[in-house]
There are 2 protein chains.
Amino acid sequence: MKPVTLKQIAERLNMSVSTVSKALKDYPDIGVDTKKRVRDLARSLNYKPNSLAVNLRTNESKTVGLIIPEIVHHFFSNVIKGIVSRAEKKGYLVIILQSDESNELERKQIELLLNQRVDGIIISLANDTDQCDHIEGVFKQQIPLVMFDKVSKRIDCSKVVIDDRKAAYEATKHLIDKGCKRIAHFRGALTPLNSIDRFMGYRTALLDHGLEFDPSLVYICACDDRSFEEGKENAKKLLEDHRDVDGVFINTDLVAIGALTEFKNQGVRVPEDIKVVGFSNWFMSSVISPSLTTIDQPGFRMGETAFDQLFIEIETLKKGKDLIFKNIELETKLIERETTG
Amino acid sequence: MKPVTLKQIAERLNMSVSTVSKALKDYPDIGVDTKKRVRDLARSLNYKPNSLAVNLRTNESKTVGLIIPEIVHHFFSNVIKGIVSRAEKKGYLVIILQSDESNELERKQIELLLNQRVDGIIISLANDTDQCDHIEGVFKQQIPLVMFDKVSKRIDCSKVVIDDRKAAYEATKHLIDKGCKRIAHFRGALTPLNSIDRFMGYRTALLDHGLEFDPSLVYICACDDRSFEEGKENAKKLLEDHRDVDGVFINTDLVAIGALTEFKNQGVRVPEDIKVVGFSNWFMSSVISPSLTTIDQPGFRMGETAFDQLFIEIETLKKGKDLIFKNIELETKLIERETTG
DNA sequence: AATCGTTACGAAAACGGTTGAGATTTTAGT
DNA sequence: ACTAAAATCTCAACCGTTTTCGTAACGATT
C-alpha cells in the first residue's frame, strides 16, 4: 500500500540501507551479485525512490516555476507547452502560476516558488511591473531566472525575446509596400518594453519611408482581457477622427480582430479601404474572414529556448561556476493574409 | 545567501530547534515572550521553512498533478486557470503535464507524478485511453484522483463533467426549433465518452421530434490538432453527399469553424442554407463572422470544481476516512448567435 | 609473519524540519 | 512547607536518501 523504501529492501535482503542505495545507483564498490539481488527485488517490489527525500538530501527539487500574466492566451499557452515539453525531457517538472498582470501577485508567487525550493524560475513580467526588487531576491538565493517576452532592462539575467522593433518595422513596411500612405497604430500599454519597441519600429518604418509620423494616429490599449472590445473601441474612434487612414498596424491579433469587427459593422472594407496587420499570429487569425496578416511570434520555441537556457544555468550553478547571461532573440516572420491582400 | 534554517535561529537565541519550530507554529506549550522573540528574529532574518524538509516529514508535497491532452486549447487552458487559481488559494501548487492524446505518455506521466509524491491528481483522459490499469495504480498508493471532461466509466472516482447528452440534445433541438429538417452531425472520435454522449443526444433529439435518424449524416473527426482541416474536409464531403442538409451539429467549435470556412468557400450561406451549432464556446466563436451558435462548456468552473473536489478528498484521506466519490455535472447553456440566426 | 592492496560492505552523519514524551521550572492549593 | 498541577522548554526519534569514511576479510607480496 505505502510505497516501498530502501529500508524495507535492506531488511528483506539482510543488508544495510547504504548497500541497497549504492547498488541501485551502480556504485563500483558493490559486488555484482549483490547488485543483481538488490535490483531484482527492487524491481519486483516496484521500488521508486521517494523524491521528497532525494530532494531534501540533494537540495534540488527538479522542478522549475513558471509565472505568466495570463494562462488563457494563445501565445502563453504555446510557451507553456514549449517549456513543459523540454522540461519533461530533462526530468524536470513545471509549476505554473498566473500573475494576472498584477505586480503584487507576482511578488507573492515568486516567494511561493522560492519557498518551494524550485531549481529555477521562468517569468514573463506583468504589465504593471516596473520595479523589480522581488526579482533581485531570486538571485540572492542563487536561483537562476530567465525572462521571456515581457522582460525588464533593469534586471541582469538571461532573456528570450523577439526583436519587437524589427518585427514592427517589418509589419509597417509591409503596409507601406502595399500602398498605404496614412498608417495608424494601436499600441499596447505604456510600460511594457515590447509595446514600446513595437511602437518604435512602427515610427521608424514611417520615417524611413518618407511618411509623416502623426502622434494622433497612435491609440493605446491595455491588451488585457478586454482586448477585443478595445479593438472595437479604438477602431470606432479611429474612424471618427481619421477617415483618411488606409492602414493600421495593431499591437495584438485579438485587438486587431476587434478592430476588424468594427470595420465590418461600419461597412469599411478590408483590405480595400483599410489594410490591417496584427501581431502574434494567434490561431484564430488564420480562420477568420478576412484572415489576418500578422507577425508570427514563436511561442512554442520561446518556451523551449527559455527552458533550455534555464537548464544550462541550473547546471552551471550546480558546478559552482559563474553564470553567463544571454540575450536570445528569436526570429519572427510576417504572415501575409487577406487583410493586406 | 543560503536560506536561514531553524537551527541558525535557535543558536542565535540560545534555545533548541524544537522550541523555535513550535514557537513559529504557535504551539500552546511555548511562552508568549519566547514566541515573540523567535518570531521577531525569524521575520528579520526572513526565515521561510524549507518545504522540501517539511514535505518529507509530513509526507505531503502540497502539490497536485494535472494531466491534460493538450495545453494549447481554449477549453483546457481555462481548466488550468481554474485549477491553478483554486489551488493557490488553498496553498497548493500545480504541476502540469501534457499527454498529447497518447495513452502511453499518460502512463509515464502518472508514474512521474506518483514518484514526485503529489498529493492528488486531476486528469482528462487521452482519446485513445480505454484500459486504465495505470489509473488503478494511483488508488493503490492512496492518492486521490479526479477526472474531468474526458472520463472513464471503468474507474471508480470523482468526476467533473457536463451532461454532454443533454447539451447535445439541446443543441440539436435548437436546430429543429429553427426549422431544420435534415440535420447532420460531425462527431468526435469513437472511444471518448463525451463524444459518444453528444452523438446520443443528437440522435435522441431527432427521434423525439419525429425526424429520421440517418447514419450517413454522421461524420467522424478526431478533434486533434487538425480539427480545423477536418471541419473543412467533412463539410466538403457533406456537401457532396447530401445537398439537402439544412443544419449541422458539430462536436467542437474549431471543427465547426473549419466547416463554416468551407461553406463560405463553396458559396453556401449560413444560416440561410445551413444552420450550424458548435460545442464548447471557444472565445473565437464569438468574434468570427457569422458568429457561431454553440454550447458553453464552463472550463474555468470545471477546473475550480475539480480542484475543490480533489482537495476534499485529500483532506478526507488525511483524516483516515473513506472517500465518497462524487459525479458532478455542471450546467451548460446554449449561446445563440448568428449561425442559427 | 608482517605488510599491503583489494574488494565488498556497513555505520553514521547529514539534509531541515516535526512532534510526542519527558524534564525542569514555576505557580497554586492546602 | 509540601505537594500537585501548570507552564515551558528540551530530547530524541523520525521522514527516506545520499555519501563519506571506516573496516573486515582475503589473497598477494616482501
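In what follows, every heavy atom counts, from backbone to side chain, and hydrogens, waters and symmetry copies are set aside. Everything numeric here is computed off the predicted structure, so don't read it as measured data. The sequence lines fix the lettering, A, B, ..., with proteins before strands; numbering per chain opens at 1.
- When the nearest nucleotides of DNA chain D are assigned to Y27(A) and K35(B) by heavy-atom distance, the more 5′-ward of the two goes with K35(B).
- Taking 4.0 Å as the cut-off between side-chain N and carboxylate O, E313(A) and K321(A) do not count as a salt-bridged pair.
- Within the 3.5 Å criterion, the main-chain N or O of S102(A) finds no donor-acceptor partner in the side chain of D100(A).
- As rounded to whole Å, 16 Å separates atom P of dG17(C) from atom CD of E60(B).
- Under a 4.0 Å N-O distance rule, the pair K48(A)/E111(B) qualifies as a salt bridge.
- Using a 4.0 Å cut-off between charged side-chain N and carboxylate O, R39(A) and D26(A) make a salt bridge.
- In this structure, D119(B) and S61(B) approach most closely via the heavy-atom pair OD1-N, 2.9 Å.
- In terms of the side chain to side chain contact (heavy atoms under 4.5 Å, CB included) criterion, residue partners of R107(B) (sequence neighbours excluded) are, by chain and number, N103(B), Q131(B), D133(B), H134(B).
- The CG atom of L24(B) sits 13 Å away from the P atom of dC9(D) (whole-angstrom rounding).
- Between the Q98(B) side chain and the E70(B) main chain, no donor and acceptor come within less than 3.5 Å of each other.
- Residues R117(A) and E60(A) are not paired through a salt bridge, judged by the lack of any N-O separation under 4.0 Å between the basic side chain and the carboxylate.
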What are the atom names and distances for every N/O pair under 3.5 Å that joins the protein to nucleotides 23-26 of chain C?
none

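- Look at CZ on R37(B): it is 14 Å from P on dT8(D), rounded to the nearest Å.
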For nucleotides 10-16 of chain D, read 5' to 3', which letter fits each nucleotide if B means a protein heavy atom sits under 4.0 Å from the base, S means only the sugar-phosphate is that close, and - means neither? BBBBBBB
